[in-house]
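These numbers were taken from a predicted model, which means no experiment stands behind them. Only heavy atoms go into these numbers, but all of them, side chains included; no hydrogens, no water, no symmetry mates. Each chain gets a letter, A, B and so on, in the order the sequences are listed, and its residues count up from 1.
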Amino acid sequence: MFTILARIRRTGILSEPLPTSTVRDAPLEKLQRDLQSVFGRALRIRHVDAGSCNGCELEIHALSNPYYNLEGSGIAFVASPRHADVLLVTGPVSVNMEEALRRTYEAMPDPKWVLAVGDCSVCTGVFGVNYATRGRVADVIPVDAVVNGCPPTPLALLRGLLQITGHARPKVSSSAVQSDS
Amino acid sequence: MTDDPLKPEDLHVPANVTARRVVVDAAQWLAGAQRLRDQGAGLLTLWGTDDRDRDGVFRVFAALLLPDRVVVLEHALAGGSTAYPALGHLFPVADRLQRAMYDLLGLRADAGDCRPWLRHGGWPENIFPLRRDVGATQSYAIHAKPYPFVPVSGDGVHEIAVGPVHAGTIEPGHFRFSVVGEKVLRLEERLGYAHKGMAKRFDRMPLQEGHRLAARICGDSTVAFSWAYCAALESITETELPRRAAALRALALERERIANHLGDLGSLGNDAGLAFGLVQFSSLKEQLVRLNQDAFGQRYLFDYLLPGGVVIDLGARMIHSMLDEVAMLEQAVSSLRAIYDDHAGVQDRFRDAGLLSPELARAHGAIGLVGRASGIARDARIDLPWPPYDVLPPGRVLHSGGDVAARVQVRFDEIMDSLRLCRSLLQTLPEGPSLVPVPVAPSGRLGLGLIEGWRGPVLIALETAPDNRVGHCHAHDPSWQNWPLIEYAMIGNIVPDFPLINKSFNLAYSGHDG
């Protein structure tokens, strides 16, 4: 136990100030207004991998690490679509996931929004459309906003999410201890 | 038949490792596979090609991995036949590979499970999408039928269906548990949800662009798959990779191994109830991928490799930063390892959970990390070394416990060894170019790329077509071998331990589904 506490003390607080958005993005801003009017900062997200290569998932995981500290900004991932406000979809939609994606979307209560994440979900990426892939998420369920990138960086994801929740510039001191060795 | 069915027509195959191709008939296909198995071979993968436009036949290929070489059996199905001898009785992994080959190409093994594997009703059962007469962008309406899971009957037995959409941020797959109370009697997997028709997409793609698609077969193994693709193409075109480029690729591959192992160790601690572990390891992983961003321009090294070398060379400042990072990680991982090892609660969850005995692992051909945790001492970097591993041999990591604890120990050992390799690579980075031009490839050549990624050996089998295009590209992820083993490892465990056991294997969905 002492070694754990010592390690925690030595690691310090790694969380960084939340990014502010400099990008003007009309669909995102509309989504932001809609969401803010309903939820303020209490946003719950359900993620569906609709056929991704797993690259976007690595970066979605990174959002929960201490550096990005997503939950600290009032946004959390939930295990059921019935608890979610936003559906975050990655991947070109594979035909084998098309039905599951539709059902997940339909299981969400209204009002609900869809954020397509990653180049494949936005414009089919390197995968195109064929017997196994439907391509863009927007061709399967309605999409409200998108985050580009292959994969998008955690910062791009965070900006996209914070923009839709209208997060104000936070007052976080940056004096956290970051040295480790 | 001669004494050795593999002697006639023994052809050299261009590859980054020693590889041969043997053209066989149906009887030799079986006898050859049997002979190679007796010599210690495991079946790496199976694939088929539609060559009816060339010489009127379908072909099936089997790549077998021996301790010191790869042997490819090539069998042309006579007279337009679509049947070939099954290999499932010799190599259990063949069963699902054969089902996949039927779904995609309509070639049927003469024995074994006949249920569809990759086809979930997304295309008609009389359409075989890898055949040349199916258009590259052809799509179909879905007509799904219920999948016949194997039922388990008995007093109090019930089923729990999980997936394809999971509770966390995980790739899609379906798990069907038959349980009594909390105890798992049987687990049956159903995969294929992330099937994106990669082989069809590769078809006729310019050879110089294929590495970008290969990089996205499995996003967490992007370096391994890109390297396998590039190695196959460079071998076919007889491109000599500069040693500096090889060293930089190895650096990228080892950093990919470290990043994934760090992530897994954090998640495993978390799944065992130690959130501290997730916080610590995910922070270390974030630092690593941030340095990737600074040094290579990509956090996860997508598209860092391209045919002929790498995109960005490494400057002195970055070499210095990486050496500092190696020292930091060695210290941090060692201290965290001591905490994990001494933590009674964590060890109580890790030990004896998800046991895969060495006997079972051997019988089922476990490979890669999972194999090395169950007493199977195979590592392509050591057994079939290609540059730079020919002059920089990795240390052999081996545990035989076969439980979650053993798979954790393998990850700790491999991180430490990869850090040693990184330091050595950085200190002895050869001079010279990091990228050379790749000439136009001759048509109709088969080349292989075999790379030991963090999960195990990944293979790309690349056949060239005229005009410097891809004729056929088959990608194989080691998860094919290891997925069926989770079904065994779960027997007798409790349902709540599934996330922990599954994570300790951490197999690919997209990489498997293709």
Side-chain angles (χ1 to χ4, degrees), chain A residues 1 3-4 6-8 10-11 14 46-68 77-81 88 90-92 94-101 103-104 120 125-135 150-151 153-154 179-181, chain B residues 118 120 122-123 127 129 134 136-140 142 144 164-165 167-172 192-198 200-201 212-213 216-220 222 263 276 278-280 282-283 285-287 289 293 299-300 302 324 327-328 331-332 335-336 338-339 342-343 508-511 513:
Chain A
M1 180 51 82
T3 49
I4 292 180
R7 175 95 203 155
I8 290 172
R10 209 143 60 82
T11 305
L14 300 173
R46 172 66 251 199
H47 163 250
V48 170
D49 174 341
S52 156
C53 76
N54 202 28
C56 292
E57 283 62 35
L58 295 176
E59 295 296 39
I60 294 170
H61 277 297
L63 288 178
S64 302
N65 77 34
Y67 285 83
Y68 304 104
F77 287 94
V78 290
S80 168
L88 191 156
T90 56
S94 71
V95 297
N96 291 350
M97 276 303 287
E98 185 179 358
E99 182 62 26
L101 175 62
R103 284 199 207 173
T104 306
C120 318
V126 295
F127 298 110
V129 173
N130 65 15
Y131 74 93
T133 306
R134 292 285 185 251
C150 185
T153 61
S179 67
D180 194 27
S181 51
Chain B
L118 297 179
H120 293 193
W123 58 96
I127 296 287
V134 173
T137 56
Q138 180 71 48
S139 62
Y140 306 92
I142 296 174
V165 179
T169 300
I170 316 173
E171 294 185 87
Y193 290 93
H195 178 64
K196 292 180 278 295
M198 299 293 280
K200 195 73 182 177
R201 186 71 176 160
R212 293 198 67 245
L213 189 55
R216 287 157 181 82
I217 290 166
C218 178
D220 55 47
T222 180
F276 161 83
L278 179 63
V279 169
Q280 292 289 330
S282 65
S283 299
K285 181 178 178 182
E286 177 67 22
Q287 291 172 41
V289 299
Q293 173 77 50
R299 283 163 57 89
Y300 284 96
F302 281 84
D324 285 350
M328 182 278 287
Q331 190 273 333
S335 75
L336 289 170
I339 289 174
D342 292 344
H343 196 286
Y509 299 69
S510 177
D513 297 348

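- Side-chain rings of A:Tyr68 and A:His61 stay apart, their centers remaining 6.0 Å or farther from each other.
- With hydrogens and angles left out, the side-chain atoms of A:Tyr67 and B:Gln287 include a donor and acceptor closer than 3.5 Å.
- For B:Tyr300, there are no ring-ring contact (aromatic ring centres under 6.0 Å, His included) partners, not counting sequence neighbours.
- Using a 4.5 Å cut-off between heavy atoms, A:Arg134 contacts chain B through its side chain alone, with no backbone atom that close.
- Contact count against chain A (heavy-atom pairs under 4.5 Å) is highest for B:Glu286 among B:Glu286, B:Gln138, B:Gln293.
- A perpendicular orientation is assigned to the rings of A:Tyr131 and B:Trp123, their planes being inclined by more than 60° (bins at 30° and 60°).
- When B:Val289, B:Asp513, B:Leu278, B:Val279 are compared by the number of non-hydrogen pairs under 4.5 Å with chain A, B:Val279 comes out ahead.
- Contact tally against chain A (heavy-atom pairs below 4.5 Å) for B:Gly122, B:Pro172, B:Ala338: the top residue is B:Pro172.
- Residues B:His120 and B:Tyr193 place their aromatic rings such that the two centres sit under 6.0 Å apart.
- Residue contact with chain A, scored on non-hydrogen atoms closer than 4.5 Å, is absent for B:Ile127.
- For B:Tyr140, the parts lying under 4.5 angstrom from a heavy atom of chain A are both the backbone and the side chain.
- Atom SG of A:Cys53 is separated from atom CG of A:Leu58 by 8.0 Å, given to the nearest 0.5 angstrom.
- Using a distance-only test at 3.5 Å, with no hydrogens or angles considered, a donor-acceptor pair links the side chain of A:Thr133 to the main chain of B:Lys196.
- Counting heavy-atom pairs closer than 4.5 Å to chain A, the top residue among B:Gly168, B:Ser282, B:Ala508, B:Gly511 is B:Ser282.
- For B:Glu171, the parts lying near chain A are the backbone and the side chain together; criterion is any non-hydrogen pair under 4.5 Å.
- Top candidate by heavy-atom pairs under 4.5 Å with chain B, chosen from A:Glu99, A:Glu57, A:Glu59, is A:Glu59.
- Only the side chain of A:Thr104 comes within less than 4.5 Å of a heavy atom of chain B; its backbone N, CA, C and O stay farther away.
- Here B:Ala167 is the residue among B:Ser510, B:Ala167, B:Ala194 with the most heavy-atom pairs under 4.5 Å with chain A.
- With a 4.5 angstrom heavy-atom cutoff, B:Thr169 touches chain A via backbone and side-chain atoms both.
- B:His343 has its side chain within reach of A:Ile4: a pair of non-hydrogen atoms, C-beta onward, lies under 4.5 Å apart.
- If you measure heavy-atom distances from A:Cys120 to chain B, you find no contacts under 4.5 Å at all.
- Between the CG atom in A:Asn130 and the CZ atom in B:Arg201 there is a gap of 7.5 Å [rounded to 0.5 Å].
- For the options A:Val48, A:Val95, A:Asn54, heavy-atom pairs under 4.5 Å to chain B are most numerous at A:Asn54.
- Heavy-atom pairs under 4.5 Å with chain B were tallied for A:Ala100, A:Ser64, A:Gly128; the largest tally goes to A:Gly128.
- Atom OG1 of A:Thr3 sits about 9.5 Å away from atom CG of B:Leu336, to the nearest 0.5 Å.
- Residue contact with chain B, scored on non-hydrogen atoms closer than 4.5 Å, involves the side chain of A:Ile60 exclusively.
- Only the side chain of B:Arg299 comes within contact range of chain A, judged by heavy atoms closer than 4.5 Å.
- Note that CE of A:Met97 and CZ of A:Arg103 are 11.0 Å apart. Values are rounded to the nearest 0.5 Å.
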